[in-house]
Structure formats: C-alpha cells, structure tokens
Amino acid sequence: MQQQDSSIPQTEQEPPSSTIADCKNVTRMYTRGGTSRFFGSSKTDRPTVTALDDVTLSVHRGEIIGLAGPSGSGKSTLLHLLAALDTPTNGTVHVDGQDTSALSSRERTRLRLTTIGIVFQRFHLLPALSAKSNVALPLVEQGLGKQARHDRATDLLEKVGLGDRATHKPGELSGGEQQRVAIARALATDPDLIIADEPTGELDTTTAASILEVFKDLADDRAVVIASHDEPTLSIADRRIELQDGRVVPNGN
Ligand code: ADP
Ligand code: MG
C-alpha cells in the first residue's frame, strides 16, 4: 500500500458541485411542417426555426433563475432542454453531471424522476385522481410503498397549504389550489432542480402572489428556473436571464 506523505497537502476533497444544470453553446432548431404536403417530404426542403441560438447558462443550487423574454423568444424550449424532455441540436446540456444527449430516452426519464420537478402553466393534473394521488404519482413510478407514498403526499400537501384538500379532485379545486397540487407533485421526489413554465400564467394576481410565496421557499439546496413574462413572478428571482429571438440578451451594457 502506498504511504501518504502528510507533508504534502492532499488534493482537496471536491465540494459537492453547486452546478446542477449546465448549457453550453446550445442551439435548438425545429423543422417546420413535419412531412406536411405544404413543405415537401425531404428534410432539406423544409424551413427550420432556430428557437435557441448559442445559449450558455449554468444553474446553481440555492438560486432562483427568472427566465424572461417575449412570447416566442425560446423560454419553453430552454426549459424543455433543462428538464431533459428534449435534447439540443448543437451544444451540450448537462443535468446533475449527465450529458442529456448521451442518454437514452429511458435514461432521461430516469433522470427526470430522480432529479427534476416540473410545473406547467396549465397544471397538468390527472382529473380522475385526488390531489393526494396526483402528488403521489411520481412516487409510484419510483417504486415507493403505499404507506410511504401516502405520508409523503400528505406532508407535501400540508407544506403547500392544502392539507384539508387531499381527497379533492382537480375539478373541485380552484386554479391556485391546482397549481399548489402541481408544485407538491413536482416536489414529491425531492428533486434538485425545479423547472416552472409560466406557473402563474393562468392565475389572478392575488392567487399568483400566494403561489410565488411557495416558490420562494423552494430554493434552499435546490435550484429553481421559472419562465415568465410577468414582472411580479420574475421579481422573486435571484438572477434574471433574458431571451430575445433565442439568444441571451447581455446583462446591463
Ligand atoms: P416561448 O416559450 O418564449 O414563448 P418557445 O420556446 O415556445 O418560446 O418557442 C420559440 C420558437 O420556437 C418560436 O418561434 C416557436 O414558434 C418555435 N417552436 C417551439 N416549439 C416548436 C415546435 N415543436 N415546432 C416548431 N417550432 C417550434
Ligand atoms: Mg413558452
């Protein structure tokens, strides 16, 4: 066995990386029209849209990033890449140290299940299930036992202020309540990264404000990325990234 020389400082232990997601020179192009008869069937015939153009961005634990920019500027496209729902045309996206383009779709699903929580503008809850079952759903996929799922979902619903609505179905809840359920569901697997696409877009001002209070509490040792064009929503961010025509607008001057 090799002897450690105590006079030589040992290589310092790497601290746990504060970077949870990392986009490098990311471009995402879409082909318009699929195999539409309007655009012909050959790929090269079809017009392309550059939804993201050379975007570089690191997301760190403990921060809330506000992703701003007008409609069509590429916010949802970037969130889909960060959420490993999609992969870039060029450049790389790493989430939790893994290059999402190098993963199979099954591996990306796994990555989402362990690391990422997603909140959509329109809640995306399953209408036939109670609030509690909706929250517990990712835990079913994770293979957690029934009692543990119940306990965790109950805790999370209490955390978002819906302890007394656990047995209600989405249709019996207000928009703000449904979004709280969706947030609780996104938190179920205790993800390191929360991605939220216009989470207050469907809500009135007062309800939106109460949802923002929930978001503010989320970024302790995780990261939150919220896309919005709503000023109050963006105001809870520690850092703002502005997109315009798929490019990051340089800060300040
Ligand atoms: P935002 O969320 O900021 O409104 P998006 O990321 O949804 O912007 O869209 C960016 C650009 O990419 C827009 O021009 C949009 O039309 C285009 N786009 C988005 N998704 C697709 C798609 N699946 N197919 C073709 N074009 C798309
Ligand atoms: Mg969008």
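Side chains included, hydrogens not; waters and symmetry mates left out as well; all remaining heavy atoms used. This is a predicted model, so every value here is computed, not measured. Counting convention: from 1, in listed order, for ligands and their atoms alike.
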**Item:** Heavy atoms of other groups near H94 NE2, more than 12 under 6.0 Å
**Value:**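 Above 12, so yes.
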
**Message:** Please check if the number of heavy atoms outside R122 that lie under 6.0 Å from its CZ is greater than 12.
**Reply:**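 Result for CZ/R122: open.
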
Report the nearest protein non-hydrogen atom to [atom]: residue, atom name, distance rounded to 0.1 Å.
{"atom": "atom 12 (O) of ligand 1", "value": "A51 CB, 3.2 Å"}
{"atom": "atom 16 (O) of ligand 1", "value": "R32 NH2, 3.9 Å"}
{"atom": "atom 8 (O) of ligand 1", "value": "G74 N, 3.2 Å"}
{"atom": "atom 27 (C) of ligand 1", "value": "Y30 CD1, 3.2 Å"}
{"atom": "atom 7 (O) of ligand 1", "value": "S76 CB, 3.7 Å"}
{"atom": "atom 13 (C) of ligand 1", "value": "G72 O, 3.7 Å"}
{"atom": "atom 6 (O) of ligand 1", "value": "T77 OG1, 2.6 Å"}

**Prompt:** Would R240 and E231 pass as an ion pair if we require N to O under 4.0 Å?
**Reply:**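 A salt bridge links R240 with E231.
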
**Prompt:** Between E107 and R110, is the closest basic N to carboxylate O distance under 4.0 Å?
**Reply:**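 The answer is no: the pair does not qualify as a salt bridge.
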
**Prompt:** For D22 and S58, does a side-chain donor sit closer than 3.5 Å to a side-chain acceptor?
**Reply:**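 There is such a pair between these side chains.
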
Taking the side chain as every heavy atom from C-beta outward, state whether [X] and [Y] have any atom pair closer than 4.5 Å.
{"X": "V95", "Y": "R108", "result": "no"}
{"X": "T27", "Y": "D53", "result": "yes"}
{"X": "F215", "Y": "I183", "result": "yes"}
{"X": "S76", "Y": "E198", "result": "no"}

**In one Ile/Leu/Val/Met/Phe/Trp/Tyr side-chain cluster, 4.5 Å: L157, V119** =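 Same cluster: L157 reaches V119 through Ile, Leu, Val, Met, Phe, Trp or Tyr contacts under 4.5 Å.
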
**Per-atom contacts of ligand 1 with P70, taking only distances under 4.0 Å to non-hydrogen atoms** =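 Ligand 1 atoms under the 4.0 Å threshold to P70: 3 (O).
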
**Request:** Below 4.0 angstrom from a heavy atom of S71, which ligand 1 atoms are there? Numbered from 1 as shown, please.
**Result:**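 Counting atoms of ligand 1 from 1, those under 4.0 Å from S71 are 4 (O).
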
**Asked** What residue among R222, R112, R61 forms salt bridge (charged side-chain N to carboxylate O under 4.0 Å, His left out) with D192?
**Response**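 Per the salt bridge (charged side-chain N to carboxylate O under 4.0 Å, His left out) rule, the option paired with D192 is R61, out of R222, R112, R61.
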
**Prompt:** Protein heavy atoms: any of them under 4.0 Å from atom 25 (C) of ligand 1?
**Reply:**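 True for atom 25 (C) of ligand 1.
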
**Contact (N/O only, under 3.5 Å) between S73 and ligand 1** =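 So ligand 1 has an N or O lying under 3.5 Å from an N or O of S73.
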
**Request:** Go around the Mg ion (ligand 2) and count every protein N, O or S atom nearer than 2.8 Å.
**Result:**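 Those protein atoms number 1 in total.
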
